[in-house]
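As the structure lists them, so they are numbered: ligands from 1, and atoms in each ligand from 1.
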Amino acid sequence: MAQVKSIKGTHDILPNQTKDWQELEMQVHKTSNLYGYSEIRTPIIETASLFNRGVGEETDIVSKEMYLWEDKDKSIISLRPELTAPVVRSYIQHNLGGQSPLQRLYYIGPSFRRERPQKGRQRQFHQFGVEAIGSANPEQDAEVISLGWDILKSFGIKSLELKLSSIGSKSCRENFKSELVKYLNPFIPKLSEVSQRRLEKNPLRILDTKNKDEIEIVKSAPKIEQFYTKDDQNYFFSVQKFLNDLEIPFKIDPLLVRGLDYYTQTTFEICSENLGAQDALLGGGRYNGLVGSLGGKDAPAVGFAAGMERVIIAAKNRKKISPKIPTIYAICTNDEAIGILQNSAKQLRSIGYKVICETLRRSMRSQMRDANKSNADYVMIIGDDEFNSRTIQLKDLKNGKQEKVDLEKIISYFKSLTF
Ligand code: AMP
C-alpha cells in the first residue's frame, strides 16, 4: 500500500528534536511570567472574517496564504495565520479590558500560511508572542521588546540584532504614502509586477523589496521621518530612551515596514545572523487601531510574534540549559522479578530519578547495550541470584563500580546520592 506522508510545508518534530522545543517553551513561560504576563490559549480555527478585518484583505497573509473552507453550515472557517487577531478577539469577547486596565498576555502555538516552503518558511509553523493591551505609553513598547529580547537571550542565542522604526500616526502615514507614490510613479515601468500592484494597494510594502533594482530606487525615496508629527517624534525618542535605559542595543531601520495594516508608531524586528535569507526571528509593533477595528472599545496595544522554528535553528550551538536528571536503567533477567523491579522503579521516580524499565525481555547483553546507549548513570539488575536473595545489583556506569544492595534499602541508597 502506498505510504502516507506529511503534507508539503509541514514537519514532524521528532523525539530527538523535542527537547529543544520543550526548553524553548519553558523559557517563554518562565520569562513571560517574570514580566507579569499571563498565558492565553485560543482555538486554531476561527471565522475567516476575523483575519480579513484584523490583518487586512490586501496583505499576502490573507489574500494568498490563508487556509480556508466553507463549513457545513456555510460559514467560512480558517486556520489561523497568526495569533494577534485571535487574542484581540478573545480580549473583546471576554471583556478582559473591563477586568483590568492593562492586560499583559502571551501565547505559544501553531500558525498556518500557504507560503512557498523554504528554509525557515513553512506552511505550519509555531509562534510565541505577547500582546500588552491597554497602555499607550512608550515604556510599554520598551517592556515588550525587552521581554522578547530576554527570551531569545535566555535560550542561548548570542548574535541578536534589534531593528527599530516608527511608522508614525495615521496622518503621518497617509502623507508619507502619497509622497511615496508620487516618487515611485515615474519608475513604474521598472517595477516588478508585484510592486506595481502594491503601488496601488499597499505602497509601503515596496520599501521591503528584496529585488536589487528596486532596492536602488527605494534608496532615494522620501523617508517616513520627514512626515512625523511632533508627537510621533517624541514618542519614538522616548521608546529609544527607554531601550537605552534597559541597555538593549538597537539600530534604526527606516525601511522596516510591517506588512499588516493595523500598526501605528513603533515597529521592530529582532534578527539573527545565524539564519540565512529568512533572518527575522521576531517581529512586532504597536497597533492602536486593532481593538476598535475588531468591534471592541478602543484600546492601545503593542506586541510581537516570534517564529519558533527559526529560533531553534538560530540557537543550534547554544549551551543546553535543562538540568540533567539522574537516570537508572532497570535490567531484569528473571521473569518472576519483573513486578518487583517495576515497583522499585515507581518508587525511584517518586524521588526524582528517571528510570527506564526493560519490557522486551531481551538477553542481559542487549539490555546492557541499551543501558549504555541511553546515557544512564546507573543500571540496576535483578537476575536469579538477586531474586532469591531479595537484593539488587547496582552498577555505576561512570566508574564501573558494582555493589549488591538489599531490595528494602534501595530507596534510601539512592536518596543519599548527590548529583
Ligand atoms: P509575522 O506574523 O509575519 O510578523 O511573523 C512573525 C515571525 O513568525 C517571523 O519573524 C518569523 O520568525 C515567523 N514566521 C512567519 N511566517 C513564517 C513561516 N511561514 N514559517 C516559519 N516562520 C514564520
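Looking at ligand 1, you'll find an N or O of Leu281 within less than 3.5 Å of one of its N or O atoms. Ligand 1 has no N or O atom lying under 3.5 Å from any N or O atom of Ala306, backbone or side chain. Considering both main-chain and side-chain atoms, Ala280 comes within under 3.5 Å of ligand 1 through a nitrogen or oxygen pair.
Here is the list of ligand 1 atoms found below 4.0 Å of a heavy atom in Gln122: 18 (C), 19 (N), 20 (N), 21 (C). Atoms of ligand 1 lying under 4.0 Å from at least one heavy atom of Gln127, given by number and element, are 2 (O), 5 (O), 6 (C), 7 (C), 8 (O). Within the listing of ligand 1, atoms 16 (N), 17 (C), 18 (C), 19 (N) sit less than 4.0 angstrom from a heavy atom of Glu115.
Using a 4.0 Å cutoff on heavy atoms, Arg113 counts as a contact of ligand 1. Residue contacts with ligand 1 include Arg310, since one of its heavy atoms falls under 4.0 Å from the ligand.
Qualifying side-chain hydrogen bond (donor to acceptor under 3.5 Å, both in side chains) partners for Ser78, counting only residues two or more places apart in sequence or in other chains: none. In this view, His94 satisfies the ring pair (Phe, Tyr, Trp, His ring centres under 6.0 Å) rule with no residue, not counting sequence neighbours.
Annotation: the span from Leu105 atom CG to Arg41 atom CZ amounts to 13.5 Å, rounded to 0.5 Å. Between atom CG of residue Asp141 and atom OG1 of residue Thr266 there is a gap of 3.5 Å, rounded to the nearest 0.5 Å. Of the inter-residue distances, the one linking Tyr106 atom OH with Tyr37 atom OH reads 12.5 Å to the nearest 0.5 angstrom.
Cation-pi geometry between Arg318 and Phe155 is satisfied (NZ or CZ under 6.0 Å from the ring centre, within 45° of the ring normal).
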